[in-house]
Each structure stands twice: as structure tokens, then as C-alpha cells.
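Note that the coordinates shown come from a computational prediction; the quantities given were computed from them, not determined experimentally. Reminder, nothing fancy here: chain letters follow the sequence lines and each chain counts from 1.
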Amino acid sequence: MKELPKKYKHADIEAACIKQWDNERIYSYNSEKNEPPFVIDTPPPTVSGSLHIGHVFSYTQTDVIARYQRMRGKNVCYPMGWDDNGLPTERRVQQVYGISCDPTLSYDPHWKPAKINPKKHKHSTPVSRQNFIEACLELTHEDEKAFEALWKNLGLSVDWNLTYSTISPQCQALSQRSFLDLQNKGLVYSKEAPGMWDIDFQTAVAQAECEDREDAGAYHHIHFETTEGKKLTIATTRPELLPACIAVVAHPDDERYQPLFGKTAVTPLFGAEVPILPAEHADPDKGTGILMVCTFGDAMDVAWWQQSNLALKQVLGRNGCFQDINFEKAPFLSNHPTQAQDAYDQLKGKRCKQAKKIIAELLAQEGSAVSGKGKAMPNPPEPITHPVKYFEKGDSPLEFIPTRQWYINLLDHKETLLKQGDKIIWQPSFMKNRYSNWVEGLNQDWCVSRQRFFGVPFPLWYPLDEKGNPRHDVPIFAKPEQCPIDPMTATPEGFNESQRNQPNGFCAEADVMDTWATSSLTPQIISGWPENDEQHQQLFPFDLRPQSHEIIRTWAFYTIAKAWFHHNDIPWKRIAISGWILDPDRKKMSKSKGNVVTPQHLFDDYSADAIRYWASKARLGVDTAFDESMFLIGKKILTKFFNASKFVFMQIQDAPKDLNESHLTQVLDQSFWSLVQENMNRYHEKFSEFDYAGALDEIETLFWTFCDHYIELVKTRAYKATDPKQKLSAQAGLRLTLKILCQGFAPFMPFLSEQVWGSLEEGSVHQSQFILSRTSSHSTEHFKRVVEVLTQVRTYKSKENLSIKVPVTATIHCQDAHKTILSAVLEDLSLAGHLTKVSFKVADLDHIDVKMMPVPEG
RNA sequence: GGGCGAUUAGCUCAGCUGGUUAGAGCACCUGCCUUACAAGCAGGGGGUCGCAAGUUCGAAUCUUGCAUCGCCCACCA
């Protein structure tokens, strides 16, 4: 056992604890143990930069639960993962090293990534795919070391032997085997179709990764004419897509346009003849009620095109620029190819924003109308703001561009996935609505392919026909036992490497999987599926998934979907949704807003325990504004706990070490001990509902009662009493309660609790077990009555401006029953110097009334 | 447009399976160097629980409507 230091210095305590916990492997999970497991599906933080106070907040809440469960005798399996595959990492690597990936380059084994100054370094250096991946690995490795150090400083009770990284060979193998399993079950398919496409990253994105942003736009009112010369005016926000117009539609019930249905309209500038058709989705009240359908202006265009059998007029390239088109060679694009080419050449190579401006100018020119008389757009565009779809990590609006992608079938399983959500306990329960809402609103299957580099490759190839074109209809899948496999370097069975990219040979699928395709398997990464089926059966479904609410539609949803597809089971029994940290202006903290608070200086100034105290005060799902004064409160309580502990040690230093409940012979000590039990029972009740904040309230209340009242009442007896029984009883009360407080505080303030515990007992408090449902035959009444009198004595002294130590005489008016209780214990008050010469008067009162006066001098 | 949450003391938040004078911390005021702690301790002031109806013997708590703030989803010509 170690003595407490003279002063509370959190840095010393933390350093010592981190070392001790590491050395003694206090938090290791042992699959051989018989205790019931408690398995946590820890969120793997995205490794792209640094952690901020919001991470500290939510991870603390999980750790508090983990520590509690461990002290309840559970075999806690608490891993840590790093989500290092995917776009955020690529983007950061591009910025930090000033490079970009050019897959056509060959590997340079001598190249080493070097950090650059982004202000001086304007152009990025292209490197090969393998060099790029190596740069990603190097940077993420560096970040992960920093993350681990921070988590250890925070005191997360993670088993660091259970660390994974989503780009590791093991995770890649799992991710690929998951894909092959889904393929085997008929749940995946590839399809060439218009899908959401980010023109900057040049990759497909999934529905879950899109967000709407309010953007400035403008209605352009453009005159079309029918082949019979009748005019009609359409309204559009995307005039640049005029060359891609395939039809004009209006609502079938719209009487204004009913006569036009079946007729043919001619587009201005491009002279394309397009049908005028009825369409349910046209809103008569919006714009002019009649609109052009393009390939593709929005999701509605896509849906309508798919059922229309009309030709595709793809004008936008994958880079978001108007691609080269020869109107002579594509007669369906225009009936007046020369005129169309003239107009189109001005758009060629431009992005939508510029093209929009150019086409608006062209349409506003005299003679731009179809008939050649007047302007096709006589009025200037009418500015509006409207929601536009973006990739959540992107900077340009998404386009719908036809590409071949791999999909996982979700739409056929919506009902089942909804039901799976019902089987999970959501905390707080209203968060389940977010999930149900999302599942009900799903309108696309999960697009899992990404045209990127730092990710898990698809384990497949395509045979090439005699012309060297890939046969996408008959992909060659790798065998599960071959995973992890990179089809860019591995050769499919039945071929040899010389046939790569040759006619009648094969080619690799170059895409990588969506990062969520791997992240959605975090439970399986830990459980060891599919290799370690025994462990998987033991751990699955997990006990707890902690996460934040903005990724319910991605991480939670995909994890639930995969667990259903692979195991017909839920991934975890409970999901705990943490709130957000808001800045003092109540705005969400995020890197893009630049209002992020990094935690290290807070650790130095206030201690890890103080930060944890602050995080533990917030209930699940409740957003919390960042307020530095809260850390000060934590620090104050820690100092108080340290001082109180030191004082208790002074009081009990001459007592035997084996003090136990049988030494509690005095009525006040017995009564207080009962109060401790009542408090702890509530503490455990709260924790059993994962209400750690409520549990903290309980232990804190107990702590303050202990300091303000119990210690005050027994300290004199503990060191002055002549009767050894009386003295031992006080000492036992102090020691036993301090132990309970150490345990009760341990999940929240693990460092100081460990330090204090180390002065009382052998071993770590974090491996100690709570003793539940202690029952006490003693009433708490005695203690409560004494506190009542004590408070009145203090009030009296305060009002009379008397020092606390001035003794007073008191006459106590109370019921006879209370008199019996009080007289048995008032000695404590007298001993503590609060009262002398107590006399009683029996009165018919429902409370205790104390009349006091100072002891006359002399 | 659909859904969810919040609204309680100057501030941050508990309380909400209906039940005595609505709680805590911070801030504020008064006093106290008391043999753990002055970064401390004791005491005190401060709230018609967002608004309006309803159910009830009784509503911060349940129902309905409204307002304000925030979030999720949908719409996207």
C-alpha cells in the first residue's frame, strides 16, 4: 500500500497510473475466463488529423460504462479501432504531402513521402497508386500513435491488445469475405446506371453520404416551340443541360398543356426535337408547370428517363466538364447539327457553373429563339435559393452520371431491417426514430464501389472478350480463402499473369469498396468471424454499441444490415447514442467551422479526471455546450476528495487494517452506514439502466454528506474517544465509506480513485468488485435527525455571526420519540464541539426545533 | 411537407411511471482562519416550471393546440 502524497498533483498521479495499468494489464480481456462477457463495439475514430473535445466527451461516456461493468464482474471486451481507410485519409495525405494518385504511373521504390508547406506548395506531385497507398499508411500510422497516447491520457480502459485498423490485411480479408458471402447469397450486383457522382473526387457515392445544402440558383424561363410553331415556356435552374434535353413534360391534368401532349417540341440553340409528354411528377404550381427532362438534372430526371425508353444524351463527363461531342456523328442529338455544334462548342470543357452563364447569354441574344425571331430567354434569370445535393465531404454539387457500380440490395429488405432495429434497445429511445425514418426513406440500394485508391479492393476480375472488352456479366470472384487479395497483382484461377489486360485474357476490378463496407463489420472484426466461429458465437451479439447520432444512417444502419445478411441476427443488444459538443454559441463543433477545441491543454490545466467528470455529467443523447468552468468544478471535487481521503487516513492510522462492519457498534455509524447502502443501491440501479450521469449524482451526494456531516460528527471521536469501541466504530465508518467512495468514483475518476484506493487496499480498484445488495438492519433515521439538529446549530451561529467553534447551549423541542433517538447520538455533536449542555423539552411538533444561546463566558 | 427533441433560478442542467413549501452546481449576498481542505466552510436571497385549454381531489410531470430554438428525413424543374 502506498501513502498519499502531501499535495494533489494530477499529472504525477496520472503518469503513475498509466504506467501501472499498462504493466499489470489491468484491462485485458481474457477469452478463457468464465465470467460473462461484456462486449463493446467501440467506434473506430476516423484517422484524419486530430481528436477533439467532442471525441473525449463521448469516449469517456463509454469508458465509464466499461469500467462499471468490469467492477460488476464482467469480462469486459473493450477494443479500439482506427478507421483509416477511405477518402478522408486520402484527402489529408494529398494535403500533407502535396501529392495526388496517378494509377498510370509505375511504383517508385525510392520515393518517400515528405510533408510540405501547403502555402508554398501550390501544385501536387503525381505518384503511383502503390506509392500513394504507402503515404497513406505512413501518415495514418503516425496519427494512430498520437490517438492512442491521447486515449491513454484520458484513461480509457481499452485493452490495447485488441486494436485494429480498417486498412489492415485482416480487415481487408474480412471485408472481402463479407462481400463474397453477400455475393454467394445473391445480395450484390453490378449495374451500369446513372448514379450520384462527385466530380472532384471522381467517384460514386451512396445515398447515406449525401446531404442537401441550400444554394443560390436561378429560374431561367426559356421559350421552346413545337414543330407546329406553338410557343411554350419552360422554367429550369439548369439551363446548361439544354443540349441534354430529351423531353418536355407537364402534369397529365394540367389543362394548359394537355393540347400539347403527343406533339414535338424543338429546343432553342440545339434544335433537338423532343416529345411533349404527361408526367405525374410535374407540379403545375412550380415554375411554369412545364419542364424539360435532361440526362440528368436531378433524381427525378433519372427516374423518369428509366421508364421512358428515351435516348441518353450524356453531355457531362466524369470530371464535371462538358465533354467533346460531334453533332454530325450523333444525329439524335439535334436536327440542326451545325447550329447545335456552334452553340455547344462554347460549352465544351467548361464546368456547369460557367456553362450556365454562357448558355444564359446565348439564349438572351436576339435570334436565339427556335424560329430565329426574338430571344429564347427574353427575361433575366430569377434568383432563388434551393436545396442541392452534395457529397457530405465534397465541395461541388453531385451529378447523375452513368457508370458501372457494385450495389448491395437493401430495398428488398427494408421491412426486415426495420424489425431488426426494433430488437435493439436504443438509448435514448427516441433515437430509434432516426433509424426507422432512414430505413423507411431508403430509395437506393447501397452503392459500395468507389473509384478511389486507399481502400479495400473488390476481390474479382473480369474476363476480356476477343476485342479486349471486359465481360461485366460474368465476373470472376476470388475464393474466400484467398483473401486478402488485390486483383491488380493477383491472377485469377485459370489464367496466367501474361493475359492481364489482353484480348481473351482478364482484367482486375480497379475500384475499391466504400469505407462503410468495412466499418459496418466492426463487430465481426472483434468476434473473429468467419475464421473463429467459436469466439464469434460467444461474443455475438455484442452488448453495447456507442456512437453519435449523425451516423445512425451509415454506421448503425449498415452494421445492422450486415449482421442480418451474414448471421440473421442483430449486431448488438443495445445502442447508446451520445450527444454532441456544441461551442459556447450552441453550434456544432466541427473542423469545417473552425470552432474545434483540442483537448491536450485541458488535460494539463484541469486533469483527465476533471474532464471525465464533465463528460460524465451529460446524459446520453443530450448535446452539451463546451464550458470551461465545468472543468473547474471537476477539479474542485477532485481536490476535495484528495483532502478528505488524506484526512481519513490521519484519523485511521492507528486503527487495525481489518476494520469491518462488525466494528460499527455506535448508533450514528450504523445509521450512516445504512445511508451509504441506500445511496449505493440507487447508484447501481441507475447504472443498470446505463444512466451513468444519475449514478454520478448519487455518489457525489454521498460524498458531500460524508464530508460535510459524517466526518465533522465523528472526527473528534475517531482520535479522542477514550472508549476503544467508540473510537473503532468511528474509524470503521470512515474507512469503509472511503472504500465505497473510491469504488463509486472509480468509473468516473479512475486516476485519483486508484491513488486513494492504493492507500487502503492491495491491487487495483478497477479490478475490485462491487458488493451488491448489502442490507442493513439499522435505520438511517438517527443520522438524519442529527444532521437536522446540526444544520440548525449552524444556522444559528451563522445568523449570530458566531464562529463555528463557539460552543452553544441548546434546548431541543421535539416529540418524545425523537428525544430517544437524539439523546442516544447527541453526544457526537457535543464531542465535535458544536453543542454543550443539551436539554430536551417534549413538544407536539412534527419537526425538531432547537433553541440556542451561547455559553456564558466563564 | 413528415418525424424527433428541447423550453424549469442570471447561467448550465436534474426532476417528468401525477402527490407535502420545485432541486443541484456556478454566479450573487452575509458571515466564519473551524486541528483535512480559504482553490475552504456555514448560512441566505432568487423560479406563477415557454403560452393556452383540458383530464384530475391534485399537473413541471398526462392529453390537445400554439410559439420559439435545434436536429433528422423528404422535396430539389
Side-chain angles (χ1 to χ4, degrees), chain A residues 7-8 211-215 217 219-220 234-239 241 248-250 279 281-283 286-294 297-301 304 384-389 397 428-443 549-550 552-553 579-580 582 584 586-588 614 617-619 621-625 627 629-630 632-651 693-694 697 700-701 704 707-708 711-712 715-716 719-720 790-806 832-834 846:
Chain A
K7 278 228 156 194
Y8 171 54
E211 64 182 24
D212 289 353
R213 295 183 201 161
E214 225 23 71
D215 260 6
Y219 270 128
H220 295 66
I234 62 106
T236 179
T237 56
R238 302 211 55 184
L241 291 177
V248 170
V249 299
H281 76 268
D283 180 354
K286 223 168 189 178
T288 53
I290 187 160
L291 62 141
M292 65 173 185
V293 178
C294 305
D298 59 40
M300 218 57 233
D301 284 354
W304 194 83
I384 54 158
T385 56
H386 62 154
V388 178
K389 261 198 201 316
S429 57
F430 64 78
M431 285 294 181
K432 195 173 85 178
N433 294 322
R434 301 273 177 103
Y435 176 81
S436 314
N437 237 268
W438 175 253
V439 178
E440 282 160 7
L442 268 178
N443 56 34
H549 49 77
E550 81 273 22
I552 288 175
R553 64 168 172 172
W580 277 342
L582 311 172
R586 306 220 128 250
K587 294 272 180 296
K588 193 207 165 188
W614 161 75
K617 278 288 194 186
R619 284 159 158 79
V622 178
D623 296 347
T624 302
D627 177 4
S629 67
M630 286 301 293
L632 217 53
I633 297 163
K635 196 176 176 183
K636 211 178 82 170
I637 286 172
L638 288 156
T639 307
K640 181 87 179 173
F641 185 44
F642 179 86
N643 287 327
S645 303
K646 225 175 57 177
F647 184 61
V648 168
F649 286 121
M650 269 172 55
Q651 304 297 316
D697 275 352
E700 233 184 310
T701 306
W704 287 109
C707 291
D708 296 344
I711 291 183
E712 286 301 317
K715 64 182 178 187
T716 324
Y719 68 85
K720 269 195 190 160
L790 177 60
T791 303
Q792 288 193 41
V793 172
R794 284 167 169 170
T795 309
Y796 169 74
K797 289 180 179 177
S798 184
K799 282 197 172 139
E800 298 295 322
N801 292 356
L802 294 171
S803 164
I804 291 290
K805 69 177 178 184
V806 172
H834 295 294
D846 55 1

Peer 1: Is any side-chain N or O of A:K715 closer than 4.0 Å to OP1 or OP2 of B:A36?
Peer 2: yes

Peer 1: Reckon A:C294 touches a base, only the sugar-phosphate, or nothing at all at heavy-atom distances under 4.0 Å?
Peer 2: nothing

Peer 1: With a 4.0 Å cutoff (strictly under), does any side-chain N or O of A:K636 reach OP1 or OP2 of B:C26?
Peer 2: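 Yes, within the criterion.
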
Peer 1: Looking only at atom C1', what distance separates B:C29 and B:U7, rounded to whole Å?
Peer 2: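 It comes out at 29 Å once rounded to the nearest Å.
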
Peer 1: Looking only at side-chain atoms of A:K640, point me to the closest of B:C32, B:C71, B:G40.
Peer 2: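 Ranking B:C32, B:C71, B:G40 by closest atom to the A:K640 side chain puts B:G40 first.
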
Peer 1: Are any of the side-chain heavy atoms of A:E712 and A:R794 separated by less than 4.5 Å?
Peer 2: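 Yes, at least one pair of side-chain atoms sits under 4.5 Å.
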
Peer 1: What integer number of Å spans the C1' atoms of B:A52 and B:U68?
Peer 2: 15 Å

Peer 1: Any chance you could measure A:C707, atom SG, to A:K640, atom NZ, to the nearest 0.5 Å?
Peer 2: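 If I round to the nearest 0.5 Å, the distance is 5.0 Å.
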
Peer 1: Using atom C1' in both nucleotides, what's the gap between B:U17 and B:A53 to the nearest angstrom?
Peer 2: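 These two C1' atoms come out 25 Å apart once rounded.
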
Peer 1: Quick one: CG on A:L241 to CE on A:M292, what's the gap to the nearest 0.5 Å?
Peer 2: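 Atom-to-atom, A:L241:CG and A:M292:CE are 6.0 Å apart.
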
Peer 1: Looking only at atom C1', what distance separates B:A59 and B:C41, rounded to whole Å?
Peer 2: 39 Å

Peer 1: Using a heavy-atom cut-off of under 4.0 Å over every strand shown, decide if A:A644 touches base, sugar-phosphate, or nothing.
Peer 2: base

Peer 1: If I pick the C1' atom on B:C26 and the same atom on B:C62, what distance separates them, to the nearest angstrom?
Peer 2: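 That atom pair is separated by 33 Å.
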
Peer 1: Choose from B:C4, B:C37, B:C71 the nucleotide whose nearest atom is closest to any side-chain atom of A:F430.
Peer 2: B:C4

Peer 1: For A:W704 and B:C41, what is the distance between atoms CH2 and C1' respectively, to the nearest whole Å?
Peer 2: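 Interatomic distance, CH2 of A:W704 to C1' of B:C41: 10 Å.
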
Peer 1: Only one of A:Y435, A:W580, A:W438 forms a ring-ring contact (aromatic ring centres under 6.0 Å, His included) with A:H549, so which one is it?
Peer 2: A:W580

Peer 1: When you compare B:A9 with B:U63, how far apart are their P atoms, in angstrom units rounded to a whole number?
Peer 2: 22 Å

Peer 1: Would you kindly give the NZ-to-C1' distance between A:K635 and B:A39, to the nearest whole Å?
Peer 2: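 Whole-Å distance recorded here is 8 Å.
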
Peer 1: With C1' as the reference atom in both, quote the distance from B:A6 to B:U61 in angstrom, rounded to an integer.
Peer 2: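 It comes out at 16 Å once rounded to the nearest Å.
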
Peer 1: For RNA chain B, find the residues of residues 431-441 of chain A with a heavy-atom distance under 4.0 Å and give them by number; none if there aren't any.
Peer 2: A:N433, A:R434, A:N437, A:W438

Peer 1: Under 3.5 Å for both donor-acceptor distances, Watson-Crick or wobble: does B:A24 have a partner, and if so which one?
Peer 2: B:U12

Peer 1: Check whether any side-chain N or O of A:R794 sits under 4.0 Å from OP1 or OP2 of B:C41, and answer yes or no.
Peer 2: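 Answer no for this pair, as no side-chain N or O of A:R794 is under 4.0 Å from OP1 or OP2.
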
Peer 1: Need the pair for B:A74. Rule: Watson-Crick or G-U wobble, both distances under 3.5 Å, any strand; none if unpaired.
Peer 2: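 Matched B:A74 with nothing under the 3.5 Å cut-off.
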
Peer 1: If the cut-off is 4.0 Å, is A:K617 near the phosphate of B:A24, judged by side-chain N/O to OP1 or OP2?
Peer 2: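 No.
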
Peer 1: Need one value for A:T791: base, sugar-phosphate or nothing, where a base atom within 4.0 Å counts as base even if backbone is also close, heavy atoms only.
Peer 2: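 Since only primed, P, OP1 and OP2 atoms lie under 4.0 Å of A:T791, the category is sugar-phosphate.
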
Peer 1: Identify the nucleotide, in any strand shown, that forms a Watson-Crick or G-U wobble pair with B:C62, with both distances under 3.5 Å; if there is none, say none.
Peer 2: B:G54

Peer 1: Can you tell me the distance, in whole Å, between the CD atom of A:E712 and the C1' atom of B:G43?
Peer 2: 15 Å

Peer 1: What is the separation between atom CD1 on A:I633 and atom P on B:A39, rounded to the nearest whole Å?
Peer 2: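 My rounded result for the distance is 17 Å.
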
Peer 1: Please report, rounded to the nearest Å, how far the P atom of B:G44 is from the CG atom of A:N801.
Peer 2: 14 Å

Peer 1: Rounded to whole Å, how long is the line connecting atom CD of A:E700 with atom P of B:G23?
Peer 2: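 Atom CD in A:E700 sits about 19 Å away from atom P in B:G23.
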
Peer 1: Could you tell me how far B:G43 sits from B:G5 if I compare only their P atoms? Round to whole Å.
Peer 2: 40 Å

Peer 1: So A:S629, base contact, sugar-phosphate only, or nothing? Heavy-atom distance under 4.0 Å.
Peer 2: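 Nothing, no nucleic acid heavy atom in range.
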
Peer 1: Looking only at the side chain of A:W580 (C-beta and beyond, no hydrogens), which of the listed nucleotides B:A14, B:C72, B:A42 gets closest?
Peer 2: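 Of B:A14, B:C72, B:A42, B:C72 is nearest to the side chain of A:W580.
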
Peer 1: For A:K389, answer base if it contacts any base atom (sugar-phosphate contacts may also be present), sugar-phosphate if it contacts only those atoms, and nothing otherwise; contact means non-hydrogen atoms under 4.0 Å.
Peer 2: base

Peer 1: When all nucleic acid strands are considered with a 4.0 Å heavy-atom cut-off, which category describes A:T639: base, sugar-phosphate, or nothing?
Peer 2: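 Here A:T639 touches no strand at all.
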
Peer 1: Are A:Y719 and A:M650 close enough that some pair of their side-chain heavy atoms sits under 4.5 Å apart?
Peer 2: no

